[in-house]
Structures are given as C-alpha cells and as structure tokens.
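Report on one structure; see the data block that follows.
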Amino acid sequence: MFKRSSGVLMHISSLPGDYGIGSFGKDAKNFIDLLSEAGCTWWQVLPFGPTDIYNSPYASISAFAGNPNFIDLEGLKDEGLLTEEELLDQKYANPYTAAFEFLNIKRIPVLYKAFTRIDDEYREKVKAFAEDNKFWLPDYALYMILKEANLGDEWFDWKDEKVKLHDEETVAALMVEHEETILFMEFIQYVFYKQWAEVKSYANEKNVKIIGDLPMYVARQSSDVWSNRNLFDLAEDGEPKCVAGVPPDYFSALGQKWGNPLYDWKAMKEDGYNWWLERLNSSFTLFDAVRIDHFRAFSAYWAVPFEAETAIEGEWRPGPGMDFFKVVIDKFGGDRIIAEDLGIIDDGVVKLIEDTGFPCMRVMQFAFDFSDNMHLPHNMPRNAVAYTGTHDNNTTLGWLWEATPEQKKFALDYCDFKGNDWAEGGWKSESVRSFVRTLWSSPANMCIVPIQDLCGFGSDTKMNIPGVPNGNWAYRISREHLGNIDFEWVKKLNKIYFRTAEVKKEETEEITDTETVETAEKDV
C-alpha cells in the first residue's frame, strides 16, 4: 500500500521545449523541481513506446522500445554528437502542441547524424546495452529496418514468407546483413534509456517517484507480435482470430474495437509467463511504480471477432487471474503495481484486486450520477489512486461545462464550492480548486491531478477522446503556463491533508498555531 501522497499527471510529450515535443532535457528536471518544492511525491506519465500513425502511445510498435522523439537533442550536443546549427534546424515555434508531422520528418535524420560521430568506445557501450536487452532489442531493430524496406507495410503483408513468419535462419542472416543499421537503431534506444535514467535519478534524489503506464495489449503491427507469434491468438498466416476491445460503456455506446491481438494465455503459461515477466522487468527499470491499463482483462477480457464491425459482437473470456500474479508477485513483490479497474467491473475483478493487494483507481468525474457510488471521495478506500480525471477524461473545467445542470449542482455542492462563477477558468479557478481540494481530503492514499487542472484549462486541452483516432495526444504546456501554476497552493494542500513527502512537525504547527485548519482550507 502506498503512503499518503500526491502527484501530477503529465506525459513527457506535454513538457515545454524548443524542439516540437517534450523531452528528457532541462524542462523535465525543472518540472521535477516544481513537484519537489510543492511536496508532491509522484509524477505520472503515459506509455513511453514509439507511437502509431495516430500518435497514440497505447498502440506502440514495441512493448519495450522508447520513443526517439523524447531524446534530448541538447544532451547530444553536450556529448559533441550534434552541432549548434543542427539544433537550430530542429527548433519548432509553436509551444502549445506536439509537432508530430514535423518530428516524423526531422528526428530520425538528426539522430543518425549523431550516430555517425560516435567513437569506438561509444559503440562498445551501445553493443553492451544491446546484449543486456537481447530479449527484444535486436528483433525490434531489424523489424524497423524491414518495415522501411517494405515501404511501410506491416509485417503480415510482407511478400517474403520466411521474413514474414520470422524464420530463425533467415532472421539470423538479415541480422548480419544489416549489422550497421541495426547498431544505429540500438544507439537510439541506448541514448533513450541512458537519458531517462538520468532524469529518473534526478527525480528520486528530489523525493519524486515516477509512475509509468503499461498498456494491457500490444499492437498487431508490432515487433513483439512479429517475433513472438506463438504467444498470441493468431491463425497460421498471422491474422488474429479475435481482437481486443470493450463492450459499450461510459465512453462509447457501441463499445470499442481496439484491434489488438489477444494473448494465448495457455502458451504464455507453458513458458512461465516469461514474455510478461521481461516486460514488467523493463517497466520496473524505467519507473518506480506501474499502472497496468485495462487491468480487468486479467480477470476476463472482451474478445471481438476479427471481422466484426463493432465491439458489440464480442464475448467475455477468462483471463489468467491469480495464476499469473502469483508468479509476478513472487518475482517482483506486490507493492509497485496499480490496477486500472475502470469500465465494466464485476465481482471477479474486485476479487482479483483484493487477492493481489494492488491499489485500485477512482475518478471524481465518474462520481456524480446521483448515487452513493464508489468514485465519490468519501467512499474511496485508502488503498486507491484517485484522480480528478485521467488522460481519457475531459478536464475538470471542461467536464463542468458539459455536465447537466443537475450534475453540476450536485458536484459543486459536494465540493463545497463557494465561488462566484463556476465557469471561470485559469490558474486560480475556484471551481476547479474545489474539486482538487475535495480529492486531496479523501481517504485515498494517493491523489493525482492532471496538469491541465492545475492550470484551470478547458476541454480544448484534453489529451485523448477514447474511440476517436484523430486529433489526440498533442497537448503541450508552455514554459509560461507552467510558471503560472500556483504550486504554493498545492504545497499548502499537501501540508493540510498530510500528503507532503516529508511533513515537518514545525510546518504543521505553523498552520495550526496561527489559524485553524478550517481557516487554512478556506485560504487555499
């Protein structure tokens, strides 16, 4: 069970920066400084993998690889691998949105320039890193090369059957043929992991821990499926028999057909769930704790026929349950996993979470349906991670604007809103602050707020609209907007509700001696 604490949800891509997207550079460390000074223990991010054509981090071409766009180019310049002129060519003027199209053109070529300048000692470090990650990295590197050689076609459409089906002798020969280009792909991953390790170490020194996000499924068009077809529920030609999704729910009346291939849990069990253990080990290297997205699929998962038009045609099938998590807990312990148990939850999911001991999730935006439901802050258990909203929700201000008048009144009354105008946004929005303050006062041991709510921003800054492929994941915060956030207010909240990483006795006495806690709450 996590200690009483708080944190902020913001993906790396949303950080400020000069090069079209957030990165592992100085702005990441500046954000860590702000969290630390405010007494926040956690920084939560989204998945780190390369994104798909819709820029989604939840549909990556690898369950292990890092997104090259997050590499700090200035760090490469400091190593003597890039020039000042080359950095200028990578700059992008708009600080409010991730420049995905720009990055698709610019980023890999400049990383290749850096690669051509590494010396023999550097090459040996890359090779040693590749050897340490041989479970996934060589296959991923070759996959990227073959995908380009096949004009971007997915592996299941490649013409050469032996390559398509990952024939061992053919793959071994291709590894030799493309040795230098494979080393370049491994160089990218080496730099990614090295730079992030420095950021994470800096965060930990500042008493800030990182929560990563682990998608339940991997993409069909991924190196993982190409090189491990026997672990997925596929026909001989690589076509899925059924695909992942969810039935109709809060987000979609038709449900969602995600299209990811399903796991062959029988095959996974036969080798001791080794692929999953390697995946979790990689995640625990990157992060201090991991939120497993769509956790309910370990209890039962929604299987949609591959040819079905919508997810409505799916059916529930049993997942691996505690048989899997006994292996996981035996290897890693059970104190670093968060179970995302949102959506359609039944007794089986509830029991699985109880048996594992993992903290569940609660989201305030799901609370105000006029019932005494589990998302209302007074009902939140201690062993929970609670949010105003997640990356799949509206912002708090956006939710208020879209709520029915009855919902809005219930929510504002519940949060003891005493302001003059609930519709007023901005960094000191009284309505948004009432939500955050109410969440902080809840029994949930960990509370997380999206960075957009600390800014009081509206629905135009949403990170994602579930079920809608285009136009998502692009939100970025500028340095100016980040500097406008009242982290002193967050610091006061953390002290009042005992969520500060280390609350000193004299600090709590200072509040209670000069004014009552009730008055202090009113001030913040």
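Scope of the values below: all heavy atoms of this structure, side chains included, with no hydrogens, waters or symmetry mates.
- Contact annotation: the side chain of Leu142 never approaches that of Thr181 to less than 4.5 Å [non-hydrogen atoms, C-beta and beyond].
- Side-chain atoms of Trp158 do not come within 3.5 Å of backbone N or O of Val163 as any donor-acceptor pair.
- At least one side-chain heavy atom of Leu482 sits under 4.5 Å from a side-chain heavy atom of Phe31.
- Ser60 places a side-chain N or O within donor-acceptor distance of the main-chain N or O of Pro50, the cut-off being under 3.5 Å.
- A donor and an acceptor atom, one from each side chain of Gln256 and Trp258, are located under 3.5 Å apart.
- With hydrogens and angles disregarded, a donor-acceptor distance shorter than 3.5 Å links the side chain of Gln452 to the backbone of Thr461.
- Looking only at distances, no side-chain donor or acceptor of Lys257 sits under 3.5 Å from a matching main-chain atom of Val304.
- Judged by distance alone, the side chain of Glu340 and the main-chain N or O of His294 form a donor-acceptor pair under 3.5 Å.
- Ring geometry for Phe324 versus Trp276: interplanar angle over 60°, hence perpendicular rather than tilted (30 to 60°).
- Judged by distance alone, the side chain of Asp167 and the main-chain N or O of Thr170 form a donor-acceptor pair under 3.5 Å.
- Side-chain contact of Asn133 with Gln189: a donor-acceptor pair under 3.5 Å is absent, judged by distance alone.
- Side chains of Val449 and Val8 form a contact here, defined as non-hydrogen atoms less than 4.5 Å apart.
- Every side chain to side chain contact (heavy atoms under 4.5 Å, CB included) that Glu239 has, sequence neighbours left out, goes to Arg220, Asp237, Phe306.
- No close placement of the Tyr273 and Tyr263 rings is indicated, their centers lying 6.0 Å or farther apart.
- Residues Pro138 and Glu186 meet the side-chain proximity criterion, which asks for heavy atoms closer than 4.5 Å.
- In this structure, Arg229 contributes its side chain and Glu236 its backbone to a donor-acceptor pair below 3.5 Å.
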**Derivation and outcome, ring-ring contact (aromatic ring centres under 6.0 Å, His included), residues Phe332 and Phe284** = CA-CA 9 Å; Phe332 300 111; Phe284 291 139; 5.2 Å; yes

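- Using the six-membered ring where Trp is involved, Phe115 and Phe184 have ring planes that are tilted, between 30° and 60° apart.
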**Request:** Would you sort out whether Asp233 and Arg317 count as a side-chain contact (heavy atoms from CB on, under 4.5 Å), showing the intermediate values?
**Result:** CA-CA 13 Å; Asp233 190 19; Arg317 293 182 182 175; 3.9 Å; yes

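- Of the possible donor and acceptor atoms, none in the side chain of Trp275 sits under 3.5 Å from a partner among the backbone N and O of Met268.
- Side chain to side chain, Thr390 and Asn393 meet the donor-acceptor criterion of an N or O pair below 3.5 Å.
- Formation of a donor-acceptor pair under 3.5 Å by the Gln195 side chain with backbone atoms of Asp72 is found in this model.
- Trp196 and Phe48 have their aromatic ring centers within a separation under 6.0 angstrom.
- Counting heavy atoms from C-beta on, the side chains of Val218 and Arg279 come closer than 4.5 Å.
- Taking the six-membered ring for Trp, Phe129 and Tyr193 have ring centres closer than 6.0 Å.
- In this structure a side-chain-to-backbone donor-acceptor pair under 3.5 Å is present from Arg476 to Gly17.
- At a threshold of 4.5 Å between non-hydrogen side-chain atoms, the residues Phe298 and Thr356 do not count as touching.
- Residue pairs meeting the side chain to side chain donor-acceptor pair (under 3.5 Å) criterion with at least one member in residues 91-114, sequence neighbours excluded: Asp89-Lys106.
- Tyr58 and His391 share a donor-acceptor pair across their side chains, judged by distance under 3.5 Å alone.
- Using cut-offs of 30° and 60° for the angle between ring planes, the Tyr143 and Trp226 rings count as tilted.
- Counting heavy atoms of neighbouring residues, nucleotides and ligands inside a 6.0 Å radius, atom CD of Glu198 exceeds 12 of them.
- Contact of the Val171 side chain with the Asp139 side chain is registered, since non-hydrogen atoms from C-beta on lie closer than 4.5 Å.
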